[in-house]
Amino acid sequence: MYRSLRILLISAVTLSVHAQSPLYGQCGGTGWNGDKACVSGAVCTVLNQWYSQCLPGTGAPAPSTTIATATLTTTSTTLPTGAECAVPPASAGSLELKGVNIAGFDFGCATDGFCNTTGAWPPLTQLGGNDGEGQMKHFFNTDGFNTFRLPVGWQYLTNNVVGGDLNEANFQKYDTLVKTCLNIGATCVIDIHNYARWNGGIIGQGGPTNEQFAALWSSLASRYKDQSKLIFGLVNEPHDVPDIKIWAASVQAAVTAIRKAGATQQIILLPGNNWTSAGTFISSGSADALKTVVNLDGSTTNLVFDVHKYLDSDNSGTHTECTTNNIDGAWKPLAEWLRCNGRKAFNTETGGGNTQSCVKYTCEQTAYQAANSDVYLGYVGWSAGNFADTYELNEVPTYSNGKWTDTLLVSSCLSPKAGYAGKL
Ligand SMILES: *[C@@H]1O[C@H](CO)[C@@H](O)[C@H](O)[C@H]1NC(C)=O
Ligand SMILES: *[C@@H]1O[C@H](CO)[C@@H](O)[C@H](O)[C@H]1NC(C)=O
């Protein structure tokens, strides 16, 4: 999420009417009011309760078994190619990780990678913030969420010393949030909220050295190497990084450091350029550069691409109205690339306002991701934690009379209980 001071008024949503859904377009699912017929050469195929898609084929609509058999036999030996990459296997339909960001420790961080440590605000009541523990327990126990992303500034963890030496007092506070998350039984994501930077300088390209970045991750990985439900998010939203191949080398340095510190199995999230935009992951060169990053043994096991996508007019996550479900512009082309390359991505930031337009588009996006759960691990909404209810993308539930109440977008689309993410 990046902040913009602009205020934009959005005109009314235009409804378009098609006679038939295009190839790979939606053609059915609960709540779908659009066309149920597919263009010639495509068959409407049920991917889950919420999403049916026009997939290549003609005549009898029995493709789910036909396609599944073909895909399943090929994926075990070789990767799919060409048009095969557009087709999820029959096993897809349910996202593994469904989460919410619990923000606060990152407050004070700007998009130039400067973090004012006095702005860091722990989202825990015992540390003076909102009841992040209560929020997470509610999300986990009532809604069926199983993942929380915990943003924090690099400067906060090291008390403004660039490198890897953790400041014990500050680290203990952040660790309290991490342990609270893990104790609930959730999967927890460490997110260094620094935009590939430290105080304006880009990691490995004029700013901190790769060794300094790797030292941070080595320190964190040594503390958490025995926590199998922890995910390491290397850095939030790199942007305007001049050389993507040099950036991939910085990412490789951090991955190597984490694995050498003994955290050999955990998922590591690899972020691309352009604010980790899912829509430009391929065109920005991030996909090709980051797919070369490997574990110590040369494998890519548990190296997952980190992608963000908002649903507002400029993908900034600063507007309360949504204009797209991102399927054609981002999730479909990316799913095909991931399948062709045998890789996965995790959408660790997405969201919109608590408005009808965002409900419509976010539910569609979630259903599409679930239909392609072989390549998408899941999503994490932005954001709960320490935000006020006036924040455009507020997902903080409110507590009153012994009961938590979710915001509209959470209860309608993001909550696993809403049904769009697949089975609970
Ligand atoms: C950091 O934030 C505090 C208020 O939270 C402010 O007083 C201070 O000037 C800020 N420091 C910098 C360097 O921006
Ligand atoms: C970054 O993404 C925006 C849309 O979100 C796009 O307009 C722009 O061209 C992209 N830039 C690069 C370098 O890919």
Side-chain angles (χ1 to χ4, degrees), residues 1-6 8 10 103-123 127-129 151-162 167 170 173 193-202 205 235-248 270-291 305-319 321-334 337 345 347-352 358 361-362 365 382 386-388 393:
M1 195 274 317
Y2 54 100
R3 286 161 208 270
S4 143
L5 295 176
R6 267 176 305 153
L8 209 77
I10 302 193
F105 274 107
D106 57 311
F107 284 15
C109 291
T111 56
D112 66 354
F114 169 74
C115 297
N116 184 340
T117 52
T118 58
W121 185 18
L127 297 175
V152 63
W154 183 353
Q155 286 87 341
Y156 183 81
L157 291 175
T158 62
N159 202 26
N160 290 312
V161 181
V162 68
N167 175 273
N170 286 0
K173 288 180 188 162
H193 216 73
N194 276 71
Y195 304 89
R197 285 162 171 79
W198 173 284
N199 298 359
I202 298 175
Q205 304 188 42
V235 76
N236 181 65
E237 296 188 349
H239 64 90
D240 303 288
V241 172
D243 190 317
I244 194 65
K245 290 195 175 136
I246 297 179
W247 172 243
L270 317 182
N273 209 349
N274 205 18
W275 316 90
T276 52
S277 166
T280 58
F281 188 69
I282 300 165
S283 64
S284 67
S286 300
D288 281 336
L290 292 178
K291 78 176 184 191
F305 302 117
D306 195 357
V307 291
H308 291 180
K309 200 83 184 78
Y310 286 92
L311 303 100
D312 53 356
S313 55
D314 61 359
N315 184 39
S316 66
T318 57
H319 307 111
E321 295 292 342
C322 293
T323 60
T324 174
N325 59 22
N326 293 316
I327 294 174
D328 290 338
W331 301 120
K332 189 167 84 66
L334 181 57
W337 185 92
N347 178 202
T348 61
E349 277 190 29
T350 190
C358 290
Y361 289 122
T362 305
Q365 170 178 279
W382 183 272
N386 270 347
F387 283 105
L393 271 56

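On a predicted model such as this, the values are computed, not experimentally measured, just so you know. In each ligand, atom 1 is the first atom listed, and ligand 1 is the first ligand listed.
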Can you name the residues that come within less than 4.0 Å of ligand 1, going by heavy atoms only? Phe114, Asn116, Thr118
For the 3.5 Å polar cut-off, considering only N or O atoms, please tell me whether Asn274 and ligand 2 meet it. yes
Can you say whether the rings of Phe281 and Trp337 are parallel (under 30°), tilted (30 to 60°) or perpendicular (over 60°)? perpendicular
Check whether any side-chain heavy atom of Thr350 sits under 4.5 Å from a side-chain heavy atom of Thr362, and report yes or no. no
Tell me, do Tyr310 and Leu393 make a side-chain contact under 4.5 Å, heavy atoms counted? yes
Quick check: do Trp275 and Asn315 have side-chain heavy atoms less than 4.5 Å from each other? no
Give a yes-or-no answer on whether the side chains of Thr276 and Asp306 include a donor-acceptor pair shorter than 3.5 Å. no
Do the rings of Trp198 and Trp154 sit parallel, tilted or perpendicular, given the 30° and 60° boundaries? perpendicular
